[in-house]
Number of protein chains: 2
Amino acid sequence: MNPKDMKYRELFSVSLELFALFGYKKTTVQDVADRLGMTKGNLYFYVKNKQDLYLKTITHALSSWRDSVKQAVDRENDPVDKFRTMALKSVDYIENNTMLRQILMKDPSIFTLSPSEDRFYDINQSAMTIIQEILNQGIGEKRFYPVDVEHVTQYFFSIYVMFLIKTYVKSDTSSSRTMFLEALELNIRGLLLTHGVTPA
Amino acid sequence: MNPKDMKYRELFSVSLELFALFGYKKTTVQDVADRLGMTKGNLYFYVKNKQDLYLKTITHALSSWRDSVKQAVDRENDPVDKFRTMALKSVDYIENNTMLRQILMKDPSIFTLSPSEDRFYDINQSAMTIIQEILNQGIGEKRFYPVDVEHVTQYFFSIYVMFLIKTYVKSDTSSSRTMFLEALELNIRGLLLTHGVTPA
DNA sequence: TATTGAACAAATCGTTAAATAGTTCAGAGA
DNA sequence: TCTCTGAACTATTTAACGATTTGTTCAATA
């Protein structure tokens, strides 16, 4: 890894921590520069402005999240297993990433139900392809009902965002875990082309 | 109907219109009193304060919505028909109620994904019983999978709120209609105890 | 290419006074 | 007794002000 990439990694790591701790407004570029042992002027050699620093930092964190889920999904073969793994790994990742969780709580607009005002549209779009590929595989293998892939992908992504909002923006931790698992199985049954009569 | 109830109906009607037109902040107590042909002082004979006027007005509007859906559901017998009617009637009602729609757009906090900060908790709770009764009937008649009724009810209500936010708070009208219909059928398949292999 | 530090610009904050809007209440019809 | 008025009162919002903090630029430098 070249030295500039190293600098960026350090930069994103430091600013993620500060943004998680103080939020966007309370974190000054001076704070970030201090922690990096440089002057704030020099920070502008790496990013356009404070907003750009924030966007790049969050995007970097969301990409790691996506990659982690994608990796777990790729270890499975069966589309149902992939679907379940995707859902569970997504939750597991955020559950074990305190800083990202804190940032979501401090900045609810990171997860919006409106694609048109989504500042992280590209990374979210790429997260949606994970869903899309699983649906296509499941339908191709005649395991899944031939749903409208585009709209059902959007729907599942919206549900995922809804859960994140419910659980981490509003902290409705109590029942949302059980609700999540019930919903997962309900959606899997809704996807399957046939399913037997085997209640849990 | 006694004259005081009449006054209340008129009051809610007038203030719903004004709140829809100008929003909470821009609507003054004076405005409402003027439209009712009374002084603002006298308004305090009917409501505790401005906030109370707003809450009572919205609650009244949401109750009408609920009642309309409940009535439509009660005309059906089959739990699947009831479920589908509930979903479609809910959308149909808001689609044809411009003032309520305008209020939702002006005050996004009316529909929250967090029960604990829901100012209209009671009326929303009573709306949830419609879902709950359908689920109980479906399971009782061995048509529905024996899901965890409480959590699945919460889940469906959350999806309903999510759609309202997507469609009316963020105005993402474009794809959300198709998404809604796809989701409806997916959820019905997820509920059914068995379903045949009959893709649309 | 990467960095500094000073200079500059933009945004925020704390305070103030004036205007507006919300609320109370004694008293007056019906 | 129930409904209402209108004036008095209180609370909130708005605009303006300078002071301060913070974000951004850039010529000089290693």
| task | List in chain and number order the residues that pass side-chain contact (heavy atoms from CB on, under 4.5 Å) with B/Asp34, two or more places apart in sequence or in another chain; answer none if no residue qualifies. | result | B/Gln30
| said: Tell me whether the rings of B/Phe163 and A/Tyr155 are parallel (<30°), tilted (30 to 60°) or perpendicular (>60°). | reply: parallel
| field | Distance-only polar pair, side chains of B/Ser64 and B/Asp67, donor-acceptor under 3.5 Å | value | no
| query | Taking B/Lys82 for the side chain and B/Val73 for the main chain, is one N or O donor matched with an acceptor at less than 3.5 Å? | reply | no
| note | Of B/Gly37 and B/Lys40, the one whose closest nucleotide on DNA chain D sits nearer the 5' end is B/Gly37
| note | Under a 4.0 Å heavy-atom cutoff, the residues of residues 43-53 of chain A touching DNA chain C are A/Phe45, A/Tyr46
| query | How many Å lie between CG on A/Leu11 and C1' on C/dT3, as a whole number? | reply | 15 Å
| query | Where along residues 13-24 of chain B does a heavy atom come under 4.0 Å from DNA chain D, residue by residue in number order? | reply | none
| remark: By ring pair (Phe, Tyr, Trp, His ring centres under 6.0 Å), A/Tyr168 pairs with (sequence neighbours left out) none
| note | Hits for side-chain hydrogen bond (donor to acceptor under 3.5 Å, both in side chains) against A/Asn136, two or more places apart or cross-chain, chain-then-number order -> none
| task | Could I get the full list of side-chain hydrogen bond (donor to acceptor under 3.5 Å, both in side chains) partners for A/Asn42, not counting sequence neighbours? | result | none
| Interatomic distance where CG belongs to A/Asp34 and P belongs to C/dT4 [whole Å] | 11 Å
| request: Please work out whether the ring planes of A/Phe111 and A/Tyr160 are parallel, tilted or perpendicular, with thresholds of 30° and 60°. | output: perpendicular
| said: With no hydrogens and no angle check, just 3.5 Å: does a side-chain donor-acceptor pair link B/Asp81 and B/Asn77? | reply: no
| query | Who are the side-chain hydrogen bond (donor to acceptor under 3.5 Å, both in side chains) partners of B/Arg177, not counting sequence neighbours? | reply | none
| Sequence-distant partners of A/Tyr46, ring pair (Phe, Tyr, Trp, His ring centres under 6.0 Å), two or more places apart | A/Tyr8
| request: Considering only heavy atoms of chain B and a distance under 4.0 Å, specify the first and last nucleotide of DNA chain D in 5' to 3' order that meet this criterion. | output: D/dT3 to D/dT14
| request: Provide the full list of salt bridge (Lys or Arg N to Asp or Glu O under 4.0 Å) pairs with a residue in residues 94-117 of chain A, sequence neighbours left out, each pair given once. | output: A/Asp107-A/Arg119, A/Glu117-B/Lys170
| field | Residues that A/Gln132 engages under side-chain hydrogen bond (donor to acceptor under 3.5 Å, both in side chains), provided they are two or more places apart | value | none
| said: Heavy atoms within less than 4.0 Å of DNA chain D: which residues of residues 25-32 of chain A have one? Give them sorted by number. | reply: A/Thr27, A/Thr28, A/Val29
